[in-house]
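Below: one structure, written as structure tokens.
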Amino acid sequence: SVMGELAVEVFSGASALTLSLTMLQVPTMFAWEIEHDRRLDVVANGHELLLLAEQGYLGYGHCATPCTSWSVARLPRLRSPANLLGFSDVSSRGKVLIAQGNHLAAFTALLCLTLHSKAALFSVENPAGSLLWLFSVFSEVVHTTGCAIHSFQDEAVWCSVSKRDVSFA
């Protein structure tokens, strides 16, 4: 049985974390990345991942939520701290990116909160200046009991919950 033991990397890109965990012999699910397989699209099939979390199969989940519409470095900007839901006067492509960003952020928050409710660990990776950290649906995750923010040279930030001290070498 792998109940409560599986690790999963969501929005995995090159799946480097999945490979590392596998090499360390951590029971690991396939990485969820739409570019690897359309079935691994959290918009279409994220309910399956949420069900695994709800049923207690997952012990750890890591989300590298796309920062496409959340980045303050993006031009043209699609959001601001005062307009976290996105500007209304953007191109049709910008509106699509905003809607996708809102959906992926909401999915990330729901997955993290579901994992936390099952005493599983989670982490979220996004740039330090990302507006994701301010988004209302995500603020509950950031304020979760035991949540810690880890910054790496002011470039990448991980938000994580752990039952023990965490140190990064």
Side-chain angles (χ1 to χ4, degrees), residues 5-24 26-53 57-74 77-79 84 86 96-118 120-144 146-162 166-169:
E5 294 183 10
L6 287 174
V8 64
E9 181 181 12
V10 184
F11 313 114
S12 63
S15 306
L17 180 61
T18 299
L19 177 60
S20 298
L21 292 173
T22 302
M23 291 177 70
L24 292 169
V26 173
T28 307
M29 283 184 59
F30 46 86
W32 276 66
E33 173 60 59
I34 191 171
E35 293 181 13
H36 298 312
D37 187 326
R38 295 290 301 166
R39 294 172 293 181
L40 303 176
D41 176 3
V42 299
V43 174
N45 299 316
H47 62 281
E48 295 175 14
L49 195 54
L50 289 169
L51 184 62
L52 289 171
Y57 284 98
L58 302 179
Y60 170 64
H62 175 77
C63 296
T65 309
C67 59
T68 309
S69 71
W70 297 102
S71 176
V72 294
R74 185 185 199 297
R77 289 181 101 185
L78 300 176
R79 307 173 189 270
L84 289 173
V96 168
L97 290 174
I98 290 169
Q100 287 173 342
N102 292 349
H103 186 87
L104 298 179
F107 175 83
T108 298
L110 183 58
L111 179 61
C112 291
L113 294 172
T114 302
L115 288 168
H116 188 260
S117 76
K118 297 298 178 180
L121 306 178
F122 69 80
S123 58
V124 178
E125 178 184 356
N126 230 254
S130 173
L131 297 173
L132 175 73
W133 304 114
L134 304 176
F135 193 46
S136 60
V137 298
F138 205 77
S139 66
E140 188 176 348
V141 173
V142 174
H143 293 99
T144 299
C147 187
I149 305 294
H150 310 281
S151 181
F152 301 96
Q153 302 166 352
D154 295 325
E155 291 179 15
V157 172
W158 283 30
C159 163
S160 65
V161 169
S162 178
V166 176
S167 62
F168 295 92

Which atom of [X] lies closest to which atom of [Y], heavy atoms considered:
X: A7; Y: V26; answer: CB-CG1, 4.2 Å
X: A53; Y: T114; answer: CB-CG2, 3.8 Å
X: V124; Y: C112; answer: CG2-SG, 3.5 Å

Hey, could you give me the [atom1]/[atom2] distance between [X] and [Y], rounded to the nearest 0.5 Å?
X: E140; Y: L113; atom1: CD; atom2: CG; result: 4.5 Å
X: F138; Y: L131; atom1: CZ; atom2: CG; result: 13.0 Å
X: E48; Y: L40; atom1: CD; atom2: CG; result: 9.0 Å
X: W133; Y: L84; atom1: CH2; atom2: CG; result: 14.0 Å
X: C63; Y: L115; atom1: SG; atom2: CG; result: 7.5 Å
X: D37; Y: F30; atom1: CG; atom2: CZ; result: 8.5 Å

Which donor-acceptor pairs under 3.5 Å do the side chains of residues 13-24 make with protein atoms, sequence neighbours left out?
| unit_1 | atom_1 | unit_2 | atom_2 | d |
| --- | --- | --- | --- | --- |
| S15 | OG | S12 | OG | 3.2 |
| S15 | OG | H36 | NE2 | 3.1 |
| T18 | OG1 | E9 | OE1 | 2.6 |
| S20 | OG | A16 | O | 3.0 |
| T22 | OG1 | T18 | O | 2.8 |

- Task: Would you sort out whether L58 and L49 count as a side-chain contact (heavy atoms from CB on, under 4.5 Å), showing the intermediate values?
- Result: CA-CA 9 Å; L58 302 179; L49 195 54; 4.2 Å; yes

- Task: Can you sort out the partners of F135 under ring pair (Phe, Tyr, Trp, His ring centres under 6.0 Å), two or more places apart, ordered by chain and number?
- Result: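 Testing F135 for ring pair (Phe, Tyr, Trp, His ring centres under 6.0 Å), a comparison that skips the adjacent residues, returns W70.
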
- Task: Check the pair Y57, L51 against side-chain contact (heavy atoms from CB on, under 4.5 Å), reporting the backbone distance first and the verdict last.
- Result: CA-CA 9 Å; Y57 284 98; L51 184 62; over 6 Å; no

- Query: Can a donor-acceptor pair be found between the side chains of S69 and R79 at a distance below 3.5 Å?
  - Reply: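 Yes.
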
- Task: Could you check L50 against L111 for side-chain contact (heavy atoms from CB on, under 4.5 Å), going step by step and ending with a plain yes or no?
- Result: CA-CA 6 Å; L50 289 169; L111 179 61; 4.0 Å; yes

- How far apart are the C-alpha atoms of V141 and F122, what are their side-chain angles, what is the distance that settles it, and do they pass the side-chain contact (heavy atoms from CB on, under 4.5 Å) test? CA-CA 10 Å; V141 173; F122 69 80; 3.7 Å; yes

- pair V10-F107: side-chain heavy atoms closer than 4.5 Å: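 The answer is yes; the side chains approach within 4.5 Å.
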
- Just wondering, more than 12 heavy atoms not from E35 lying within 6.0 Å of its CD?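 12 or below, so no.
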
- T65 backbone acceptor or donor facing N126 side chain under 3.5 Å: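 Yes.
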
